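When reading the values below, keep in mind they use all heavy atoms of this one structure, side chains included, and skip hydrogens, waters and symmetry mates. Chain letters run A, B, ... following the sequence lines, proteins first and then strands; every chain starts at 1. These numbers come from a predicted model, not from an experiment.
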Amino acid sequence: MALILEKISNLKNKGKKHSNSKTYVLKNLEKEGIKKNNFKVALVGNPNSGKSTLFNQLTGSHQHVGNWPGVTVEKKEGNLVHKGAQIAIADLPGVYSLSPCSFEEIITRNYLLEDEVDVIINIVDATNIERNLYLTTQLLELQKPLVVALNMYDLLKGKNMKLDFLELEKLLGVPVVPISANRGTNLEKLLDAVVNNKNVTTRARIYDKKTTEALKIIEKSLIDFGITDTSVPWLAIKLFEDDELILHKLNLSKKVVDQINEQKNKIELSENTERQTLIAIQRYRYLNMLCKSIVIKGENKSTKFTEFLDSILLNRFLAFPLFFFILALIFYITFGPIGTFFKDAINSFICDGVGNASYVFLNKFGASAWSKSLIRDGIIQGVGSVVSFLPQIILLFTLLSLLEDSGYMARAAFIMDKPLKLLGLSGKAFVPLLMGFGCSVPAALGTRILEKDKDKKRTIFMIPFMSCSAKMPIYAMFISVFFGQHKVLAIFLIYLTGIMVSIFTAFMLKGSTKKNEQPVFLMELPGYKLPTAKNLFFHVFEKVKDFLEKAATVLIAASIIIWFLQSFDFGLDMVTDSSESILATFGRLIAPVFSFCGFGDWRASVSLICGVIAKESVISTMAILYSSNDGTSLQNLIMVHFTKSSACSFMVFALLYTPCIAALSSIKRELANRKIFYLYIIYQLVLAWGISALVFNFSKAIFKA
Amino acid sequence: MKLNLLSSGQSAKVVKINSKDKKFKIRMTDMGFVPGCAVYVKRVAPLGDPMQVSLHGYELSIGKFEASKIEVVI
């Protein structure tokens with residue numbers, strides 16, 4: 001920790017000061033032959049090989065990590081100082097290859113080719129070396145300084161495996177440093193290797209004689225054409241593989257293209273292979289031999305542990321009961337007695353303790369009635385009733401991150417693939433959908449693990465209906481007032497409604513896809529891991545910080561603005577009855593729309609609109625708008641202004657209508673299509689209104705109120 | 001024989017990938033389905049799709065549809 005703090009302070013002191021003059025100074029230094037002290041480093045590796053864990057260790061930041069492939073979907077950047085050298089690190093999304101097949105692969109390879117990356121750190125999972133080194137063979141061909149970080153080296157012992165990393169270093173011709181990103185071991189050595197980097201000079205003999213000759217000739221034609229880049233060997237291979245993106249980008253003359261084609265045609269192919277796969281076949285053949293010479297395997301204990309757990313969790317008869325049990329347990333812990341106990345404790349502390357103390361305090365100083373009402377009934381009641389959900393949010397996020405870190409997420413996707421296929425989705429879609437119960441923002445981003453754009457879009461459409469944690473205060477407030485005896489059942493029904501609407505949405509959109517457009521399902525199943533306390537802590541800590549920051553800024557500001565707008569009229573005179581205020585005038589414009597749903601009160605409409613800023617502010621706004629000067633609690637006020645049936649329809653509307661601004665912008669970015677985005681918003685609003693009106697009329701018949 | 005027709009506990013060797021989709025083919029070879037590679041079917045999901053296979057020392061879950069494009073010999 002001290003080390004990290006030191007790094008951060010170094011970073012703050014030195015980080016930005018030199019950034020402008022950096023390149024200039026650097027160039028001069030290089031000219032004079034002085035050793036470079038400023039590096040741009042890229043972290044590249046397979047999904048779930050520990051890139052983000054290493055990135056966090058090196059830069060002291062807290063990027064989201066988990067034990068399923070595809071946690072990092074965006075490029076992240078950070079800085080550190082090592083022995084006087086400034087190192088800027090970019091954490092790239094995990095890829096299996098540099099083929100242009102997926103979005104992540106294209107991002108990664110463009111970054112490596114175009115940005116001025118000085119050193120590539122290739123993270124290789126030592127416990128899964130053959131599969132991981134496949135990418136390494138491609139990175140070697142870029143001919144850029146490369147350091148292999150052999151991660152999870154400490155786990156080999158438990159797996160009864162030995163790895164000759166010195167031999168690997170010799171065979172690959174680049175530095176290989178065994179590390180443990182999780183424990184932070186050997187990172188100094190890794191950074192030493194980065195600082196002392198050299199260009200890759202040796203070339204591992206991966207391809208057979210004929211292929212090598214053909215590649216050499218292609219390289220020569222490229223150099224003759226005037227391409228001097230170090231990545232020429234890699235470009236030659238890509239051209240040999242008919243990589244259209246590269247061919248297009250290089251804009252070669254017809255003569256060169258003909259020369260390349262001649263070489264391609266020269267290679268005779270057996271009946272089972274084609275040129276595109278020939279290279280891959282040879283790479284795997286090479287790796288197979290390489291691994292035989294460096295890996296010594298004994299009987300594997302830890303795979304046995306994973307196999308044992310899988311034999312239960314993926315058992316034909318037990319898999320689904322256990323799956324539903326796990327989800328029910330998360331739900332029960334969060335909303336059942338444990339979560340409620342903490343919530344009530346905090347709520348009574350803030351609303352009664354802090355609220356009354358501030359009232360007494362303000363009285364002492366003879367504060368005016370309106371200021372007392374603003375502080376106690378507005379800010380403290382409103383923000384307090386939201387903050388009291390913190391324990392439940394902590395519980396939910398802790399449990400969700402336990403699922404992520406343990407490796408169960410990939411299993412859930414495995415067993416859910418078939419049911420999700422009925423909706424035209426891949427099993428992988430389960431992961432972002434489940435994350436949606438926490439927060440829609442990372443969930444929408446998480447859809448990038450889906451291979452096809454259509455799957456991705458459809459999953460994004462489903463996510464907002466998975467009720468996010470910020471909506472909890474709304475349900476809890478109404479349920480405690482009207483359905484106190486059936487708390488858990490009522491909240492379960494709300495969540496179920498969201499899930500059903502989500503499924504309905506997916507079904508509707510399924511019609512628009514053709515039958516042969518099946519979603520691709522290919523996913524690595526990582527071994528189970530014990531979640532580390534540190535990781536769990538950061539995961540939850542980030543969320544808590546985020547939540548409290550939002551409460552301290554957005555909610556308080558919104559509360560004050562709302563209070564102001566409902567206390568003054570257009571002439572800026574203070575009103576005695578808030579129904580004459582500015583806000584009421586606006587609210588009344590919209591309110592009639594909701595009279596079909598049973599809550600045509602302007603205050604309810606305004607609260608819902610405020611909910612677009614942040615869902616937490618629905619309740620904090622209600623606390624202000626419904627407050628009266630006699631100190632009646634929000635619960636009692638809601639009892640006066642709502643009925644059982646309008647409470648139901650209000651909750652349903654809050655569940656289904658457009659998500660908050662943060663989620664909307666994340667959805668908009670992921671959809672990357674403005675028209676579809678706006679149509680989707682309209683869909684949500686119409687659907688929310690329609691279902692809410694239906695619920696109102698049905699429940700009116702049932703409850704007779 | 002096609003990979004999707006194997007039952008759990010069976011091993012086989014990959015012969016080729018039958019697909020006209022170039023991207024799909026590259027994707028499969030990148031994941032290690034290259035001619036001559038040994039594949040072991042560990043289990044089939046409770047609802048019959050997808051299946052879990054191990055190859056090159058790692059575990060992969062693959063949809064039956066994708067597996068049907070992979071020709072193997074036992």
Side-chain angles (χ1 to χ4, degrees), chain A residues 96-97 99-102 105 125 127-132 134-135 241-242 270-274 276-277 279-285 287-288 291 295 297 306-307 310-311 314-320 410-411 413-415 417-419 421 426-427 451 518-527, chain B residues 1-4 7-9 11-73:
Chain A
Y96 290 110
S97 154
S99 313
C101 286
S102 73
E105 285 169 354
D125 176 354
T127 64
N128 185 0
I129 190 149
E130 199 175 328
R131 131 100 284 161
N132 273 250
Y134 181 74
L135 178 66
E241 288 181 306
D242 297 326
S270 71
E271 63 168 318
N272 291 337
T273 40
E274 284 154 312
Q276 289 109 29
T277 54
I279 296 284
I281 294 167
Q282 295 191 28
R283 281 186 188 136
Y284 269 111
R285 209 170 278 161
L287 289 177
N288 199 280
C291 287
V295 182
K297 257 186 182 169
T306 292
E307 264 165 34
D310 273 346
S311 71
L314 299 180
N315 178 284
R316 215 185 326 160
F317 303 105
L318 294 177
F320 278 99
R411 271 77 189 176
F414 180 68
I415 63 170
D417 182 55
K418 181 101 189 216
K421 233 172 221 162
S426 133
E451 330 222 339
Q518 279 228 6
V520 177
F521 189 68
L522 267 183
M523 189 177 62
E524 202 178 334
L525 287 171
Chain B
M1 191 160 189
K2 286 169 181 166
L3 179 61
N4 65 321
S7 42
S8 58
S11 301
K13 269 201 158 99
V14 175
V15 177
K16 63 172 173 178
I17 296 159
N18 286 319
S19 174
K20 278 179 186 148
D21 184 347
K22 197 176 140 192
K23 266 194 178 174
F24 176 78
K25 241 173 171 165
I26 295 175
R27 188 75 219 281
M28 296 310 265
T29 43
D30 279 348
M31 295 306 283
F33 290 100
V34 290
C37 149
V39 187
Y40 171 73
V41 179
K42 212 158 224 177
R43 66 167 57 78
V44 176
L47 299 177
D49 190 11
M51 55 208 299
Q52 180 187 349
V53 299
S54 52
L55 71 159
H56 299 292
Y58 82 104
E59 304 293 319
L60 179 76
S61 56
I62 173 170
K64 283 239 163 132
F65 175 77
E66 289 77 23
S68 74
K69 306 279 179 190
I70 299 171
E71 179 123 1
V72 293
V73 279

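Neither the backbone nor the side chain of Phe317(A) comes within contact range of chain B, judged by heavy atoms closer than 4.5 Å. Proximity to chain B involves both the backbone and the side chain of Phe414(A), based on heavy atoms less than 4.5 angstrom apart. Heavy atoms of Asn132(A) lying under 4.5 Å from chain B are absent altogether. Proximity to chain A involves both the backbone and the side chain of Gln52(B), based on heavy atoms less than 4.5 angstrom apart. Contacts of Met28(B) with chain A are made by side-chain atoms alone, with heavy-atom separations under 4.5 Å and no backbone atom involved.
The most heavy-atom pairs under 4.5 Å with chain B, out of Asn288(A), Leu314(A), Asp242(A), come from Leu314(A). Ranking Gly36(B), Gly63(B), Cys37(B), Pro50(B) against chain A, the residue ahead of the rest is Pro50(B), based on heavy-atom pairs under 4.5 Å. Of the listed residues (Ile415(A), Asp310(A), Leu318(A)), the greatest number of heavy-atom pairs within a distance under 4.5 Å of chain B belongs to Asp310(A). The residue among Arg131(A), Lys418(A), Glu105(A) with the most heavy atom pairs within less than 4.5 Å of chain B is Arg131(A). For chain A, the option among Leu55(B), Ile26(B), Asp30(B), Thr29(B) with the highest count of heavy-atom pairs below 4.5 Å is Asp30(B). For the options His56(B), Lys64(B), Glu59(B), heavy-atom pairs under 4.5 Å to chain A are most numerous at His56(B).
Not counting sequence neighbours, the partners of Thr127(A) by the side chain to side chain donor-acceptor pair (under 3.5 Å) test are Asp125(A). With sequence neighbours left out, the salt bridge (Lys or Arg N to Asp or Glu O under 4.0 Å) criterion links Glu241(A) to Lys238(A).
A ring-centre distance under 6.0 Å is found for Tyr284(A) and Tyr134(A).
By the 6.0 Å contact criterion, NZ on Lys13(B) is open, its count of non-hydrogen atoms from other residues, nucleotides or ligands being 12 or less.
Side-chain contact between Arg411(A) and Pro526(A) is present, with at least one heavy-atom pair separated by less than 4.5 Å. The shortest side-chain heavy-atom distance between Asp417(A) and Leu47(B) does not fall under the 4.5 Å cut-off. Contact of the Phe521(A) side chain with the Asp49(B) side chain is not registered, since no non-hydrogen atoms from C-beta on lie closer than 4.5 Å. Put simply, the side chain of Met1(B) does not reach to within 4.5 Å of the side chain of Val73(B), judged on heavy atoms.
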